[in-house]
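One structure below.
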Amino acid sequence: MALAFDHRKIEAKWQKYWDDHHTFKTNDDSDKPKYYVLDMFPYPSGKGLHVGHPEGYTATDILARMKRMQGFEVLHPIGWDAFGLPAEQYALDTGHDPAQFTEQNIQTFKRQIKSLGFSYDWDREINTTDPDYYKWTQWIFLQLYKKGLAYMAEVPVNWCPALGTVLANEEVIDGKSERGGFPVIRKPMKQWMLKITAYADRLLSDLDELDWPESIKEMQRNWIGRSEGAEVVFQVDGHPGKSVTVFTTRPDTLFGATYMVLAPEHKLVDKIVTAEQRNDVDAYRQEVAAKSDLERTDLNKTKTGAFTGAYALNPVNGRKIPIWIADYVLITYGSGAIMAVPGHDSRDYEFAQKFGLPIIEVVAGGDLSKEAFIGDGKHVNSEFLNGLGKKEAIMKMIAWLEERQVGKRKVTYRLRDWLFSRQRYWGEPIPVIHMEDGSMKPVPEEELPLRLPKTENIRPSGTGESPLANDTDWIHVVDPETGMKGRRETNTMPQWAGSSWYFLRYVDPHNKKQLADPEKLKRWLSVDLYVGGAEHAVLHLLYARFWHKALYDLGVVPTKEPFHKLVNQGMILGSNHEKMSKSKGNVVNPDDIVTSHGADTLRLYEMFMGPIDAAVAWSEKGIDGSRRFLDRIWRLYVDVNGKLSEAISETAVPDTEFEKVYHQTVKKVTEDYEAMHFNTAIAQLMTFINEAYKQEQIPKTMAEGFIQMLSPVAPHIGEEIWSLLGHDQSVEKSAWPSYDVHKLAEKQIEVIVQVNGKIRARLTVDKGTSKEALEKRAMLEAAIAQRLAGKTVKKVVAVPDKLVNIVVR
RNA sequence: GCGGGUGUGGCGGAAUUGGCAGACGCGCUAGAUUUAGGAUCUAGUGUUUUGCAACGUGGGGGUUCGAGUCCCUUCACCCGCACCA
């Protein structure tokens with residue numbers, strides 16, 4: 001039996017030690033520089049931890065542990081994002097109480113996370129379903145309400161019949177619910193909205209300051225979807241006082257507008273439709289209403305529409321143009337109406353072709369018999385714009401419109417207000433009372449938290465009322481001041497509410513009086529490093545930025561942005577390179593690996609698999625290899641009797657080669673951890689061990705330095721060997737090793753000699769040997785002289801410490 | 001369709017500012033040790049070739065003394081958005 005360490009014993013021992021000694025407790029009052037490193041807190045699902053979780057958690061843990069050793073005061077917390085649909089669905093399906101079921105799941109997650117040895121400050125654990133926590137979620141909502149950022153509106157919403165609730169735009173993907181993949185339909189309903197659009201410009205422009213992956217920033221930019229253009233007002237012919245406002249990015253093409261299109265849901269349609277067209281229009285609107293979002297967009301390649309019989313007057317030349325309705329114009333964007341310029345917009349072109357509407361060229365350069373011309377060119381058929389390019393023409397047209405008050409410059413966003421209410425039980429109650437007289441009254445702040453009542457029937461009614469509507473005791477209230485009767489809001493908040501500010505609560509998790517002490521917020525914000533999955537690109541990460549900015553405006557938080565640096569960990573795929581799923585049978589359970597190989601091995605392997613942000617396939621052999629490396633370290637340090645090996649010696653004198661490798665290792669590992677290049681850092685640790693095996697003796701200081709560098713990745717074995725090295729304090733309390741630049745560099749360097757770019761010889765020279773000397777030495781090499789014989793040297797390139805390249809003919 | 005990204009051995013992946021392609025690990029081969037091993041140690045391992053050498057970073061072209069790296073073009077795959085006026 002080969003020597004191997006007993007991971008079960010060691011891991012349990014050190015986990016207990018850390019707990020007993022509160023090794024990772026953060027001190028708010030220390031003078032050290034701060035480092036706030038955060039994981040996206042998990043949603044505690046019934047399935048337990050997935051191998052994807054430890055990837056990001058290990059990455060942040062390595063940084064947290066290294067930074068502590070480097071003298072930082074580190075805030076590294078964890079908690080539970082525990083409200084939300086999946087647990088509730090499961091509870092419904094199985095007859096569980098969601099509160100109980102969630103608590104159970106949290107215990108499972110906690111046990112699993114603890115078994116992996118992460119250095120969280122467990123005294124700061126939070127839970128979004130805890131009334132002491134959601135008190136402040138509700139408090140934030142009230143502040144938004146008071147600022148006019150939370151309002152009720154009757155809007156066409158995304159209604160998901162299967163889930164019995166409405167969903168935000170961000171939660172609908174390809175016409176289906178993000179959770180569960182159920183169909184979603186459009187339905188007008190009165191709902192709570194948060195005015196995220198008021199922050200559209202700041203959410204967009206402040207992205208530039210963030211150290212985030214470019215792809216995530218780009219997704220947010222696209223989601224916000226700023227576009228610049230103009231609003232143009234068209235009078236409706238024969239209906240004095242009635243007008244249609246359109247938004248266009250190409251006001252320069254106004255002379256080419258040959259018809260208008262309203263969204264089928266547009267309010268004006270009923271007022272302007274002519275008697276003879278009414279049947280057509282009604283039939284078309286019915287047809288559209290029956291279509292799902294998916295059918296309206298994805299599947300709909302051919303244009304459809306109906307003529308209203310009415311005409312609008314083009315403000316620029318008074319020309320009468322027909323008004324149509326068509327579902328390629330969306331009621332949710334701009335003003336729900338467009339001016340159609342078929343010559344220079346491919347959608348309008350397609351529509352005009354199909355319905356035989358006129359096409360006029362106003363920008364030269366294309367071939368309108370084939371397709372619309374989108375590009376830039378000289379304007380034609382456009383009176384005062386003729387001869388101008390696109391940019392000047394746009395400016396001139398806007399000036400013209402503004403002068404006559406028939407239009408103006410306008411910026412439009414694709415971003416919609418955030419639909420905030422859910423007709424579900426398992427969420428924070430919205431703290432508002434609807435009074436008898438129709439007014440709304442916020443629940444007084446001193447009455448918060450407004451607790452979610454315990455109730456038997458949590459099934460969504462399906463009518464658009466929350467299950468809370470069944471709880472008559474809870475619902476009915478009487479205003480103590482006026483005696484007026486009222487009814488509580490029965491909708492709850494979406495899952496994204498609690499996660500939009502949780503990183504603030506970690507800073508001061510037990511504060512009874514405030515969301516968090518402003519002084520502490522000042523000390524800890526913003527988050528220095530935030531790691532999590534890319535699936536939250538436009539959900540959590542956009543909502544959290546919005547709330548943070550609103551709180552910034554209220555003076556609650558001291559920074560404009562919550563997360564300075566963001567990193568997305570990649571997905572861990574099954575060994576068949578497919579996404580892990582039960583049905584494919586390729587799921588790896590972290591518990592099994594912790595039992596068979598140990599937590600240190602799992603952590604090491606997940607960091608060694610590849611770059612942190614890449615999707616990499618799981619490999620059985622790979623995890624064996626990581627375990628083998630730890631065994632190899634153990635055998636180097638520990639003898640058969642479990643004592644420190646005799647090879648590790650205080651008096652050993654290292655040879656310069658080994659010394660160099662050590663200093664290189666300190667340099668590379670320190671830099672690579674900082675840059676989150678964990679796979680290459682580990683490769684360097686392996687190189688060091690390979691070299692160490694070749695030594696008769698290893699100086700103790702180097703042996704210690706190695707363990708310090710290993711311990712952020714493999715903390716249990718790190719602590720165990722550290723104590724064998726004679727330390728009675730955790731390795732966490734030691735100072736990070738440093739390297740000596742002078743010991744890194746060799747005095748002698750190998751320089752390659754190329755002839756026509758091909759390597760023909762190698763020279764060993766003193767470091768810093770001049771170009772001229774290198775050239776001379778190269779020419780004298782036998783192998784080189786041979787190749788130069790009978791040829792003409794055209795050019796010699798010499799780069800000191802690198803190479804000599806001789807070009808011959 | 002639009003936007004972003006990725007293509008390197010049998011596999012996961014390394015390669016500052018253009019300067020020895022393939023670090024490290026897995027797998028494989030051989031040897032040592034062992035009663036035995038799927039344990040451990042040592043050596044080897046891009047392809048072709050007996051060798052010299054030639055070829056080699058998805059394909060094609062270019063810039064350069066020199067290209068995985070820069071430019072053009074093309075193909076494949078992945079992710080996001082998708083009638084946004």
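To find a chain, count down the sequence lines: A is the first, B the second, and so on, and within it residues start at 1. Because the structure is a prediction, the values reported are computed rather than measured.
B:rG59 and B:rC11 have their C1' atoms separated by 23 Å, with the value rounded to a whole Å. Taking atom C1' on both nucleotides, B:rU42 is separated from B:rC77 by 42 Å, rounded to a whole Å. With both ends at atom C1', the span from B:rC81 to B:rC28 equals 45 Å, rounded to whole Å. Nucleotides B:rG56 and B:rU47, compared at atom P, are 16 Å apart to the nearest Å. Spacing between B:rU16 and B:rA23 at atom C1', rounded to whole Å, works out to 15 Å. Annotation: B:rC55 and B:rG68 have their P atoms spaced 13 Å apart (nearest Å). Look at the C1' atom in both B:rC75 and B:rG66: the space between them is 28 Å, to the nearest Å. Only the P atoms considered, B:rU49 is 15 Å distant from B:rG10, to the nearest whole Å.
Comparing atom distances between the A:Ser227 side chain and each of B:rG80, B:rA85, B:rC81 picks out B:rA85 as nearest. Nearest nucleotide to the A:Leu330 side chain, out of B:rC41, B:rA23, B:rA85: B:rA85. For A:His577, the side-chain atoms get nearest to B:rG12 when compared with the rest of B:rG12, B:rG25, B:rA85. Among the nucleotides B:rC24, B:rA14, B:rA85, the one closest to any side-chain atom of A:Thr687 is B:rC24.
Shown here, B:rG12 forms a base pair with B:rC24; the pair counts as Watson-Crick or G-U wobble because both key distances fall under 3.5 Å. Checking B:rC83 for Watson-Crick or G-U wobble geometry (two distances, each under 3.5 Å) identifies no partner in any strand. In this entry B:rU6 has B:rA76 as its Watson-Crick or G-U wobble partner, both defining distances falling under 3.5 Å. Base pairing of B:rU35: no nucleotide in any strand meets the Watson-Crick or G-U wobble criterion (both distances under 3.5 Å). In this structure, B:rU29 forms a base pair with B:rA43, meeting either the Watson-Crick or the G-U wobble geometry with both donor-acceptor distances under 3.5 Å.
Annotation: salt bridge (charged side-chain N to carboxylate O under 4.0 Å, His left out) contacts of A:Lys668 (sequence neighbours excluded): A:Asp672.
The distance between atom CG of A:Asn756 and atom P of B:rA67, rounded to the nearest whole Å, is 12 Å. Atom CD1 of A:Ile374 and atom P of B:rA85 are 12 Å apart (whole Å). As rounded to whole Å, 15 Å separates atom C1' of B:rC81 from atom CZ of A:Arg221. Spacing between atom CG of A:Asp631 and atom P of B:rC26 amounts to 12 Å, rounded to whole angstrom units. Here the P atom of nucleotide B:rA14 and the CZ atom of A:Phe678 are 13 Å apart, to the nearest Å. Look at CG on A:Asn222: it is 17 Å from P on B:rC79, rounded to the nearest Å. Between A:Glu214 atom CD and B:rG4 atom C1' the separation is 9 Å, expressed in whole Å. Regarding A:Leu539, its CG atom lies at a distance of 14 Å from the C1' atom of B:rC81, rounded to whole Å.
Heavy-atom nearest nucleotides on RNA chain B were determined for A:Thr412 and for A:Ser215, and the one closer to the 5' end corresponds to A:Ser215. Residues A:Tyr413 and A:Ala614 each lie close to RNA chain B; by heavy-atom proximity, the contact nearer the 5' end of the strand is made by A:Ala614.
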Give me the distances for all protein-to-nucleotides 27-32 of chain B N/O pairs that come in under 3.5 Å?
residue: B:rG27; atom: OP2; partner: A:Arg628; partner atom: NH2; Å: 3.3

Would you tabulate the pairs of protein nitrogen or oxygen atoms and nucleotide nitrogen or oxygen atoms of nucleotides 15-20 of chain B closer than 3.5 angstrom?
residue: B:rU17; atom: O4; partner: A:Lys802; partner atom: NZ; Å: 2.9
residue: B:rC20; atom: O2; partner: A:Arg762; partner atom: NH1; Å: 2.6
residue: B:rC20; atom: O2; partner: A:Arg762; partner atom: NH2; Å: 3.3

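Salt bridge A:Arg221/A:Asp208: present, at least one basic N to carboxylate O contact under 4.0 Å. Salt bridge annotation for A:Arg416-A:Glu170: absent, with no cationic side-chain nitrogen under 4.0 angstrom from a carboxylate oxygen. Note on A:Glu671 versus A:Lys667: salt bridge recorded, some NZ/NE/NH1/NH2 to OD/OE distance being below 4.0 Å. Salt-bridge check for A:Arg226 with A:Glu228: passed, with a basic side-chain N closer than 4.0 Å to an acidic carboxylate O.
A:Arg760 comes within 4.0 angstrom of the backbone, heavy atoms only, and of no base. Nucleic acid contact for A:Thr249: sugar-phosphate only, since backbone atoms but no base atoms lie under 4.0 Å from a heavy atom of the residue. Within 4.0 Å of A:Thr332, counting heavy atoms only, lies no atom of the nucleic acid at all.
By the neighbour-count criterion of 12 heavy atoms within 6.0 Å, atom NZ of A:Lys354 is densely surrounded, having more than that number from other residues, nucleotides or ligands.
With a glycosidic angle more than 90° from 0, B:rG18 adopts the anti conformation.
A cation-pi contact, defined as under 6.0 Å to the ring centre and within 45° of the axis, links A:Arg632 to A:Tyr693. For the pair A:Arg627 and A:Phe5, the cation sits on the ring face: its NZ or CZ lies under 6.0 Å from the ring centre, inside 45° of the axis. Cation-pi contact between A:Lys303 and A:Tyr328: present, with separation from the ring centre below 6.0 Å and deviation from the ring axis of at most 45°.
For B:rC65, its base never sits under 3.5 Å from the side chain of A:Lys794 at any donor and acceptor pair.
Between A:Trp324 and A:Phe355, the two ring planes are tilted [angle within 30° to 60°].
At least one side-chain heavy atom of A:His344 sits less than 4.5 Å from a side-chain heavy atom of A:Val362. Taking 4.5 Å as the limit, some side-chain heavy atom of A:Ile806 sits within range of a side-chain heavy atom of A:Val793.
An OP1 or OP2 oxygen of B:rA85 is reached within less than 4.0 angstrom by no side-chain nitrogen or oxygen of A:Arg414.
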